[in-house]
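These notes are about the structure you will find just below.
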Amino acid sequence: MSIRFHDSRLRTVVELDTRDPGRVAMYVCGPTVYNLIHIGNARTFLWFDFIRQYFEYRGLQVTYVMNYTDVDDRIIERAKVEGSTTDAVTEKYTRAFEDDMAALGVTPADVLSRATDHIGEMVKAIEGLIERGVAYATDGDVFYSVEKFPSYGKLSGRSLEDMRAGDRVNPHEGKKHPLDFALWKAAKEGEPSWPSPWGPGRPGWHIECSVMSTTYLGTGFDIHGGASDLIFPHHENEIAQAEALADTEPFVRHWMHAGLVQMESVKMSKSLGNVVLAREVVAAYPGEVARYWALTGSYRTQLSFSDEALADAAQGYERWSTFLAAAKHALGPDMPPAPQHLHRPEGADGLVGPGAEYIGRFIDAMDDDFNSSEAFAVVHELVREANRRIEPAQRGETEDREVLSSLAEAFTEMTTMMGFHFGPTESPKLVDDLVQYLLELRDTARSEKEFERADAIRSRLAAMGVAIEDTAAGTRWRITPVPKESG
RNA sequence: GGCGGCGUGGCCGAGUGGUUUAGGCAGGGGCCUGCAAAGCCCCGCACAGCGGUUCGAUUCCGCUCGCCGCCUCCA
């Protein structure tokens with residue numbers, strides 16, 4: 001079986017069918033860098049990165065392009081508010097975005113393009129649209145004429161008539177149709193601007209993405225992604241621009257949209273002000289916990305954010321982390337090393353051993369529209385089976401050791417694929433030695449029935465983030481996340 | 001008003017026309033333990049409501065109720 005996923009234009013699950021066999025060209029709308037991103041934004045980026053990683057895991061060669069919108073009304077406003085320049089604002093928030101992504105374990109896209117580096121191409125594209133008669137200039141602005149694009153509305157499934165009937169469309173003088181949108185905006189005094197045939201100004205938001213995506217990926221590339229609130233008008237407009245310009249359909253082969261994060265059953269959104277910043281989450285929990293939370297649910301559905309949801313995720317993540325430490329303790333030198341190259345182009349074919357079944361189920365789940373909920377369930381089930389083997393493996397039972405080793409290897413493969421690394425794998429030798437020494441002191445106390453002393457050592461260690469567990473084969477310890485001060 | 005989606009056990013969150021289950025968290029009981037912790041085992045009459053199709057529906061169809069998104073900037 002091959003990879004299937006939900007194409008939001010066709011509104012159905014399709015088989016991945018790429019322009020070039022074995023390669024995936026994907027573009028995801030990146031942030032407008034005027035503000036810190038919230039956890040809802042982060043979920044989208046986490047997910048598309050995950051999807052990209054999964055393609056690679058399945059042996060596809062991915063080119064992943066993301067843009068930074070670094071010219072926009074909100075940036076101009078922000079610069080005023082901060083008493084700063086637009087350049088300083090975009091620089092600051094681009095960096096903040098990159099920091100936040102790194103904290104969540106998101107790998108940077110292969111190409112991170114800035115709108116302001118592509119103004120020339122955008123001007124050219126706008127000229128082309130005017131030549132083709134689908135755009136018109138008035139007073140230094142240029143608008144796209146939606147009536148000139150017959151299939152306008154095909155992505156979002158609505159017609160111009162439907163929307164004209166809506167009472168929320170606000171006309172703008174100079175527009176021939178209320179839904180016409182700006183390709184070029186004339187600059188007002190003091191605003192950043194670039195020269196153009198229509199006078200100084202800046203590009204509209206939508207033209208940015210269609211120009212940058214096709215610049216890097218050509219037309220007819222494989223996947224265009226973003227969150228579902230971009231379907232209309234942003235992505236609709238991108239299609240109208242790109243297809244009118246190229247005379248070819250389609251602009252992209254597949255559209256994918258991520259569901260929105262809800263805060264108490266309302267969309268989290270900067271304009272509503274009910275946001276939780278990505279960095280607030282990462283300050284309160286390890287980035288991998290946020291990752292766990294974001295990835296447990298389907299990318300397509302709305303996901304609710306709450307302290308409880310995050311605490312749940314922390315518990316689930318902890319279970320995996322604990323298992324890994326226990327397996328290492330039990331297997332010692334027989335613990336399989338972390339996988340170097342994660343590639344399963346053939347699925348689980350040819351894999352043998354107890355871990356193979358789980359990897360097979362994992363791949364089946366992920367191939368099916370990236371069913372991460374099922375994939376997580378597979379990992380949890382593996383952990384349960386493996387936990388049963390810990391104790392006998394510790395006692396030295398050969399078969400249990402072999403099974404545990406195979407399961408631990410599969411576990412590491414799947415969790416690494418999902419971007420989990422379980423903190424520092426090795427602590428400095430000095431730390432090991434010190435902890436070991438304290439454990440010896442505690443063991444002495446225990447053998448003398450000095451339990452108060454033993455328990456004191458345990459609780460001091462716990463406060464430092466070292467959890468200890470007594471087992472028949474000695475005390476094992478692991479580093480746990482120390483609760484961080486949030487704020 | 002138009003378009004789209006959702007409603008699953010205390011919570012989060014998958015999935016399916018039927019002999020047997022998602023999974024996690026929380027909860028109860030047990031085993032293990034000096035006590036813990038971790039872990040393992042067992043447990044809880046889920047599928048919004050009402051009709052219809054069917055031998056059989058949580059899963060398909062219709063209606064009702066409730067919720068959400070988009071139609072304006074938005075991940």
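Note on naming: letters A, B, ... go to the chains in the order of the sequence lines (proteins, then strands), and numbering restarts at 1 for each one. Only this structure's heavy atoms are used, side chains among them; waters, hydrogens and symmetry mates stay out.
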Under a 4.0 Å N-O cut-off, is there an ion pair linking A:E82 with A:K92?
yes

May I ask you to say whether A:R361 pairs ionically with A:E381, meaning some side-chain N is under 4.0 Å from a carboxylate O?
yes

For [X], answer base if it contacts any base atom (sugar-phosphate contacts may also be present), sugar-phosphate if it contacts only those atoms, and nothing otherwise; contact means non-hydrogen atoms under 4.0 Å.
X	value
A:G297	sugar-phosphate
A:D470	base
A:R446	base
A:T471	nothing
A:L230	sugar-phosphate
A:R9	nothing
A:V261	base
A:F451	base
A:L303	sugar-phosphate

Search all heavy atoms of A:W47 against all heavy atoms of A:G297 and return the closest pair with its distance.
CZ2-O, 3.4 Å

Would you kindly give the [atom1]-to-[atom2] distance between [X] and [N], to the nearest whole Å?
X	N	atom1	atom2	result
A:L155	B:G69	CG	P	19 Å
A:R158	B:G1	CZ	P	16 Å
A:L179	B:G2	CG	C1'	12 Å
A:L295	B:C12	CG	C1'	15 Å
A:L277	B:A75	CG	C1'	14 Å
A:Y299	B:A75	OH	C1'	15 Å
A:N41	B:A75	CG	C1'	5 Å
A:H257	B:G5	NE2	P	14 Å

5′-ward residue of the pair A:S298/A:K267 relative to RNA chain B
A:S298

Taking the nucleotide of RNA chain B with the closest heavy atom to each, which residue, A:W293 or A:C29, is nearer the 5' end?
A:W293

Spatial distance of atom CD (A:E238) from atom SG (A:C29) [nearest 0.5 Å]
5.0 Å

Under 3.5 Å, is there a donor-acceptor pair linking the side chains of A:D49 and A:Q53?
yes

Consider only side-chain N and O atoms of A:Y299 and A:H6, and report whether a donor and an acceptor are under 3.5 Å apart.
no

Please give the distance between the C1' atoms of B:C31 and B:G69 as a whole number of Å.
49 Å

Which value, in whole Å, describes the distance between the P atoms of nucleotides B:G44 and B:G29?
16 Å

Within 45° cone of A:Y34 ring axis and under 6.0 Å: A:R74 NZ or CZ:
yes

The dot-bracket string of RNA chain B, counting Watson-Crick and G-U wobble pairs with both distances under 3.5 Å, using [ ] for crossing pairs and | for pairs to another strand, is (((((((..(((.....[....))).(((((.......)))))....(((((..]....))))))))))))....

Taking ring pair (Phe, Tyr, Trp, His ring centres under 6.0 Å) as the criterion, tell me which of A:Y317, A:W320, A:Y358 meets it with A:F376.
A:W320

Please confirm whether the shortest side-chain N or O distance from A:R384 to OP1 or OP2 of B:G23 is below 4.0 Å.
yes

